[in-house]
Amino acid sequence: MPELPEVETVANSVNAHVRGQQIVSVWLSRYKEPFKTSRTEMTEALTATRIEKVYREGKHIVFDLHGPGGAARKSAQWIVHLGMTGRLLVSAPEVPVPKHTHAVLALSGGRELRFVDARRFGRLALHRSEGGAGFRGPGREPLTISPEDFVALFRGRKLSIKAALLNQTLLHGVGNIYADESLFRAGIRPTRAAGKLSRERLLRLHAALKEILQKAIKLGGSSVSDYVDADGVAGFFQLEHNVYLRTGEPCRVCGRPIRRLVLAGRGTHYCAHCQK
DNA sequence: ATATGGCCCTGGTTGC
DNA sequence: TGCAACCAGGGCCATA
């Protein structure tokens with residue numbers, strides 16, 4: 001599932017393809033989801049605008065748009081959330097449009113930007129910036145938050161550290177894979193109450209999370225299920241997973257079998273020996 | 001305010 | 001082999 005490293009990879013590859021291009025025409029599917037903004041409003045806002053740049057904010061992909069004819073200032077941003085199975089693909093028009101395609105933006109360069117999402121957990125929205133304020137995600141950025149602020153996030157919290165890592169209003173961008181992997185690297189049992197972890201252990205978790213996210217970005221993300229970047233290229237970080245989806249397999253450190261339980265409604269993978 | 005659980009949706013997997 | 005039941009899971013919403 002797309003988390004911070006996958007979203008960053010997609011945003012960067014889309015940016016390389018579409019930056020500076022004009023949106024010539026827009027097609028949107030007839031489904032209610034994934035549209036958070038009405039289809040007519042979205043079509044109007046996107047058509048004939050130029051894509052200034054594409055970047056990641058939390059798990060959201062942000063398209064900075066400039067109004068038609070260069071008359072308008074930065075008028076709106078197009079926000080794409082990939083959900084579970086969302087993909088953004090840049091394709092030649094003659095390439096068949098995949099099943100479950102919900103948006104097709106024809107670009108001045110001749111290619112099409114397509115949003116495809118089988119499960120429809122993804123979201124497409126328009127963000128109108130007031131006073132130049134760009135779209136902001138709900139929580140703090142794991143890659144730039146200071147160690148002190150990271151520790152403070154969990155103070156007094158009774159929920160498990162796994163659930164806390166998944167809570168996007170605290171940190172945004174971390175999902176099930178990187179929550180499990182960072183807890184393994186930090187040696188922390190996912191069930192531990194977030195507010196009861198020592199400052200030292202939280203600092204370790206912060207470092208572990210940053211290292212893992214940065215390495216995953218370098219490797220183009222984790223391709224489990226069907227994640228690919230805008231060119232259809234898969235990532236390689238899944239080969240580095242120590243616990244995620246390795247239930248019953250030997251721990252790469254101590255050899256004991258990886259265990260699985262459900263926390264916060266999510267499959268949670270850990271080593272009972274290496275994580276206390 | 002904080003935390004929990006159900007729900008959405010389809011494709012892949014499992015089981016008979 | 002074929003088909004149906006089951007399950008995964010990010011974010012949102014209702015509820016405790």
Side-chain angles (χ1 to χ4, degrees), chain A residues 1-11 29-37 56-62 79-88 97-103 114-127 135-142 152-183 190-197 209 213 216 221-228 234 238 241 243-249 258-270:
Chain A
M1 60 260 21
E3 303 178 28
L4 189 153
E6 292 77 32
V7 177
E8 173 112 2
T9 301
V10 171
S29 75
R30 291 215 150 273
Y31 286 94
K32 215 176 309 165
E33 312 288 9
F35 304 104
K36 282 178 79 176
T37 302
R56 178 192 64 79
E57 168 78 12
K59 289 183 195 170
H60 300 266
I61 298 169
V62 182
I79 312 298
V80 176
H81 193 295
L82 300 174
M84 283 285 297
T85 51
R87 294 175 170 198
L88 275 176
V97 175
K99 203 176 165 185
H100 305 299
T101 295
H102 296 287
R114 299 165 175 179
F115 176 72
V116 184
D117 185 10
R119 217 162 289 183
R120 265 181 277 150
F121 281 9
R123 292 295 179 261
L124 302 179
L126 213 57
H127 176 79
F135 171 85
R136 300 308 303 266
R140 303 289 302 273
E141 270 292 324
L153 279 182
F154 306 103
R155 204 164 286 149
R157 306 236 168 230
K158 291 194 166 64
L159 78 177
S160 66
I161 187 64
K162 166 75 184 262
L165 285 172
L166 293 178
N167 185 336
Q168 301 295 297
T169 62
L170 297 176
L171 282 176
H172 61 200
V174 179
N176 214 26
I177 297 173
Y178 300 100
D180 281 4
E181 293 297 325
S182 61
L183 286 169
T191 48
R192 292 274 173 257
K196 286 194 175 173
L197 288 168
L209 180 60
L213 291 174
S222 301
S223 284
V224 293
S225 74
D226 56 357
Y227 155 78
V228 289
Q238 68 277 10
H241 291 176
V243 288
Y244 183 74
L245 251 38
R246 295 194 65 242
T247 310
E249 292 176 44
I258 298 302
R259 297 193 192 178
R260 179 185 190 275
L261 53 80
V262 175
L263 265 183
R266 302 291 172 259
T268 299
H269 316 78
Y270 69 103

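So you know, we letter chains A, B, ... as the sequences are listed, proteins then strands, and number each from 1.
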Could you tell me how far apart [X] ([atom1]) and [N] ([atom2]) are, to the nearest whole angstrom?
X         : N      : atom1 : atom2 : value
Lys162(A) : dG5(B) : NZ    : P     : 15 Å
Lys158(A) : dA3(B) : NZ    : P     : 8 Å
Leu263(A) : dG5(B) : CG    : C1'   : 14 Å
Leu165(A) : dA3(B) : CG    : P     : 13 Å

* To do: Indicate for each nucleotide in nucleotides 9-16 of chain C, in 5' to 3' sequence, whether protein heavy atoms under 4.0 Å reach the base (B), only the sugar-phosphate (S), or nothing (-).
  => BBBS----
* Asked: Cut-off 3.5 Å, side chains only: do Asp117(A) and His102(A) have a donor facing an acceptor?
  -> no
* Flag the pair Leu183(A) / Tyr270(A) as yes when at least one side-chain heavy-atom distance between them is below 4.5 Å, and no otherwise. => no
* Would you say the side chain of Arg192(A) lies within less than 4.5 Å of the side chain of Ser160(A), judging by non-hydrogen atoms? -> no
* Considering just the side-chain nitrogens and oxygens of Lys32(A), establish if one lies under 4.0 Å of OP1 or OP2 belonging to dC8(B). => no
* Asked: Counting just side-chain N and O atoms, does Arg120(A) come under 4.0 Å of either OP1 or OP2 of dC8(B)?
  -> no
* Asked: Between Lys162(A) and Asp180(A), is there a salt bridge with N-O shorter than 4.0 Å?
  -> yes
* Value rounded to 0.5 Å, distance of CG in Leu209(A) from CG in Leu171(A) -> 7.0 Å
* Results of salt bridge (charged side-chain N to carboxylate O under 4.0 Å, His left out) for Arg56(A) - residues two or more places apart only -> Glu8(A), Glu141(A)
